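Inspection log for the structure reproduced underneath, given as structure tokens.
Whatever order the structure lists them in is the order used to number ligands and atoms, beginning at 1. Throughout, residue positions are numbered sequentially from 1 according to the sequence presented. Quick caveat: nothing in here was measured; it's all calculated off a predicted structure.
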Amino acid sequence: MNEPHAAVVAEEFVALYGREPEGVWQAPGRINLIGEHTDYNDGFVLPVALPHAARVAVARRDDGVVRVHSSQGAGAVVEFTVDSLAPGSVAGWAAYPAGALWVLREDGHALPGIDLHLDSDVPFGAGLSSSAALQCAVLLALDDLLGLGVARPRLARLAQRAENDYVGAPVGVMDQTASLCCAEGAALFLDTRDMAQRQVPLDLAAAGLVLLVVDTRVEHGHADGAYRQRREGCERSADLLGVKALRDVEASGGAELDALLARLPGEELRRLARHVVTENARVLEAVRLLDEGRLRALGPVLTAGHASQRDDFAISCPQSDTAVDTALVAGALGARQTGGGFGGCVIVLTEPARVPGITAAIAAAYAARDGWNAPAFFTATPAPGARRLR
Ligand code: GLA
């Protein structure tokens with residue numbers, strides 16, 4: 001299915017630069033089943049790669065010049081040199097490929113000049129990791145083309161560093177690892193502390209289920225204050241509780257956890273910490289259910305995750321709350337906002353026969369509200385991680 005995409009990207013490269021690319025690579029976007037805002041707390045996540053991907057055609061140059069172009073980037077080719085790269089030196093969409101080159105150079109790799117053309121069908125600003133997909137596509141392409149031999153989990157760490165230090169967004173390592181390491185038909189169970197990972201089979205069709213993705217059409221961003229503020233609150237809570245990271249809090253819920261969190265000064269930090277601790281427990285529970293083949297039982301775990309994002313972590317929004325509530329009333333097994341929050345997408349676990357009713361109910365609920373964008377829908381099938389297309 002992706003080979004036609006590869007041909008298109010290669011043809012566009014030829015039209016732009018007047019020569020053939022040396023290869024075409026792609027890296028997917030993702031949804032996260034469960035495990036939100038746990039990745040910068042050394043915790044667990046369970047993402048799934050999407051069929052939507054960023055694709056990149058690349059050819060080396062021998063003059064140290066980099067030219068980048070994106071089909072989504074308003075036409076212009078952006079040009080700079082490898083030597084001139086420094087955090088923030090390139091802005092806009094081109095910061096993602098520039099950051100990928102910067103981080104490889106910082107990691108000690110000698111880079112040639114490069115011509116690069118990007119094309120992505122990962123919806124931008126929808127919380128589906130469109131930026132990680134761009135960076136991972138470029139990193140994998142260069143690793144492969146230059147024979148650098150960097151293992152994928154380490155490539156994910158480099159992509160995270162590019163996003164943290166070049167682009168300036170204080171994100172964790174989930175999205176990049178999902179893009180590089182996910183496998184078709186599986187969710188990726190990742191321990192972000194040591195990058196240990198396992199593919200957990202996720203055969204939705206065999207269980208008579210689908211994952212419906214609802215794009216709330218509320219754009220989110222991670223370079224802004226709210227994400228950073230959550231992250232800082234978590235780190236402060238861990239400090240005050242005397243643990244390396246919130247991952248290390250020993251109680252997973254109930255009165256024991258409440259007693260422990262009572263040591264934190266103020267309700268805000270307690271709520272942030274409670275979300276992270278209970279969310280880690282939900283990831284472990286979800287993995288257990290998938291291992292046991294009990295996919296329907298995943299529903300309530302997803303819904304509990306949403307409640308925690310809404311009530312404790314305070315990162316949902318009226319549109320995502322409405323999508324979740326409406327889906328549940330229309331018969332879904334479970335639903336939650338996925339990704340960084342403050343909008344983006346909601347995932348809904350349901351039977352295929354209920355999809356038309358759920359989408360109609362959510363569309364109607366949105367249409368009844370002043371100023372809400374119409375939601376968009378697609379169903380997610382667990383796709384392969386990043387790879388070379390030609
Ligand atoms: C964004 C970040 C990730 C992660 C999620 C929340 O997608 O890029 O690192 O923190 O938010 O789980």
Set of residues satisfying salt bridge (Lys or Arg N to Asp or Glu O under 4.0 Å) with respect to Arg270, sequence neighbours excluded: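 Here the qualifying residues are Glu267.
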
Parallel, tilted or perpendicular, as decided by the 30° and 60° cut-offs, for the rings of His37 and His275: perpendicular

Atoms of ligand 1, numbered as shown, that sit under 4.0 Å from any heavy atom of Gly172: 9 (O)

Under 4.0 Å to a heavy atom of Val171 - the qualifying atoms of ligand 1, by number: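 What qualifies from ligand 1 is 2 (C), 8 (O), 9 (O).
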
Quick check: does [X] get an N/O under 3.5 Å from an N/O on ligand 1?
X      : value
Tyr227 : yes
Asp39  : yes
Asn32  : no
Met174 : no

Arg30 and ligand 1 - part of the residue with a heavy-atom distance under 4.0 Å: side chain

Proximal candidate to atom 11 (O) of ligand 1 [heavy atom criterion; set Gly340, Ala169, Gly341]: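 Looking at heavy atoms only, the winner is Gly340.
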
Qualifying side-chain hydrogen bond (donor to acceptor under 3.5 Å, both in side chains) pairs with a residue from residues 184-193, counting only residues at least two apart or across chains: Asp42-Arg193, Asp191-Arg247, Arg193-Asp248

Same cluster (ILVMFWY, side-chain, under 4.5 Å), Leu212 and Tyr366: yes

Polar side chain donor-acceptor pair, Arg310 to Ser320, under 3.5 angstrom: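 Short answer, no.
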
Criterion ring pair (Phe, Tyr, Trp, His ring centres under 6.0 Å) on His52 and Phe378, from CA distance to verdict: CA-CA 11 Å; His52 308 70; Phe378 65 91; 4.6 Å; yes

